[in-house]
Amino acid sequence: MAQEAGRLHYNGAVVEQARQWVRSAPAVVALTGAGISAESGIPTFRGSDGLWNQYRPEELATPEAFARDPRLVWEWYQWRRELIAKAEPNAGHRALVELQDRKKDFTLITQNVDGLHDRAGSRRILKLHGDIWRLRCTVCRADWPDRRVPLPKLPPHCRCGGLARPDVVWFGEPLPDGMFLEAEHAVRAAQVLLVIGTSALVYPAASLVPLARASGAKVIEINPEETPVSSAADCSLRGRSGDLLPRLVAPD
Ligand code: APR
């Protein structure tokens, strides 16, 4: 790769090498972050116009924030649900569906809660950080889908009368039971890990990259910016997932 002006550039040969790795791998895992939905018009968290530049995560994405002011937290999720409802999956999401259909063994692990992978047609998605289209009761622990936009009443309540919360993982909370073990198992068995549109700053999701390397898999990163895992990648492609993923999964 040519190192120009501090940004790694890639040429067609590098993309072709990455495509060959994907093509010849019996088992592939993709780890996605907010960046894969950026081209669908959904803001990321830490980019130049990221959500965490406008809002303080500790005020909106923690159990303490919700306990302090459930209505404020729900107003933010209501706004995000309305924004996401207007968005469509993009070519990056669709390329991962093609890969799923072509590979004997493909696992999609996502940090995203927007549901765009589901709408694109992905199946068997490990949603490490939950799903913005599901609610969970803070009293009886029931959880259920609710795609109404807008929700008729904020904050919503469960049939049991308990206060309902978004069924997402907030900072400081554990991931859904057993899901990260499943993600680690898939990464250990893969020959290629695609790391797409994530700043690789949040754990344990980011730990899947060194795990893939230790397991001998090729790591291919797709991100317009350099990240803390770029140097660990076998190939770090500086570009948008909507452009690059279709090229990586293109058949011969
Ligand atoms: N294609 C690929 N990557 C992109 C694109 C694009 N079109 N646009 C932006 N990116 C990259 C950015 O360069 C950045 O590295 O996507 C990444 C988005 O990073 P974050 O906003 O930090 O999102 P993410 O990595 O998913 O955050 C992880 O943090 O706030 C919590 O729970 C939240 O799941 C989230 C977690």
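Both ligands and their constituent atoms are indexed starting at 1 by order of listing.
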So for N223, does at least one of its heavy atoms come nearer than 4.0 angstrom to any atom of ligand 1?
yes
For the 3.5 Å polar cut-off, considering only N or O atoms, please tell me whether G197 and ligand 1 meet it.
yes
N or O pair under 3.5 Å between F45 and ligand 1
yes
How close does the nearest protein non-hydrogen atom get to atom 28 (C) of ligand 1, and which residue and atom is it?
Q111 OE1, 3.4 Å
Note the single closest protein heavy atom to atom 26 (O) of ligand 1, along with its residue, its atom name and the distance in Å.
A34 N, 2.8 Å
Run the side-chain contact (heavy atoms from CB on, under 4.5 Å) check on D131 and D167 step by step: do they pass?
CA-CA 6 Å; D131 185 339; D167 195 10; 5.6 Å; no
For a quick check under 3.5 Å, do R23 and Q20 share a side-chain donor-acceptor pair by atom type?
yes
In this structure, atom 36 (C) of ligand 1 is nearest to the protein heavy atom V202 CG2, 3.7 Å
In the protein, what heavy atom is nearest to atom 7 (N) of ligand 1, and what distance, to one decimal place, separates them?
E39 OE2, 2.9 Å
Closest protein heavy atom (residue, atom, distance) for atom 27 (O) of ligand 1:
R46 NH1, 3.0 Å
Out of P224, A38, A200, whose heavy atom is nearest to atom 4 (C) of ligand 1?
P224
With distance as the sole test, does T138 use its side chain to make a donor-acceptor pair with the main-chain N or O of L163 at under 3.5 Å?
yes
Protein residue, atom and distance nearest to atom 9 (C) of ligand 1, heavy-atom basis
G35 CA, 4.0 Å
Starting from the C-alpha separation in whole Å, work towards a yes-or-no answer on side-chain contact (heavy atoms from CB on, under 4.5 Å) for V139 and C158.
CA-CA 8 Å; V139 175; C158 173; over 6 Å; no
Can you tell me the protein heavy atom closest to atom 32 (O) of ligand 1 and the distance?
H129 ND1, 3.4 Å
Between P156 and L151, which heavy-atom pair has the shortest distance, and what is it?
CG-CD1, 4.3 Å
If you measure from atom 2 (C) of ligand 1 to every heavy atom of S199, S241, P43, which option wins on shortest distance?
S241
shortest atom 25 (O) of ligand 1-to-protein heavy-atom contact is with T198 OG1, 2.7 Å
May I ask you to decide if D114's main-chain N or O and R80's side chain share a donor-acceptor pair within less than 3.5 Å?
no
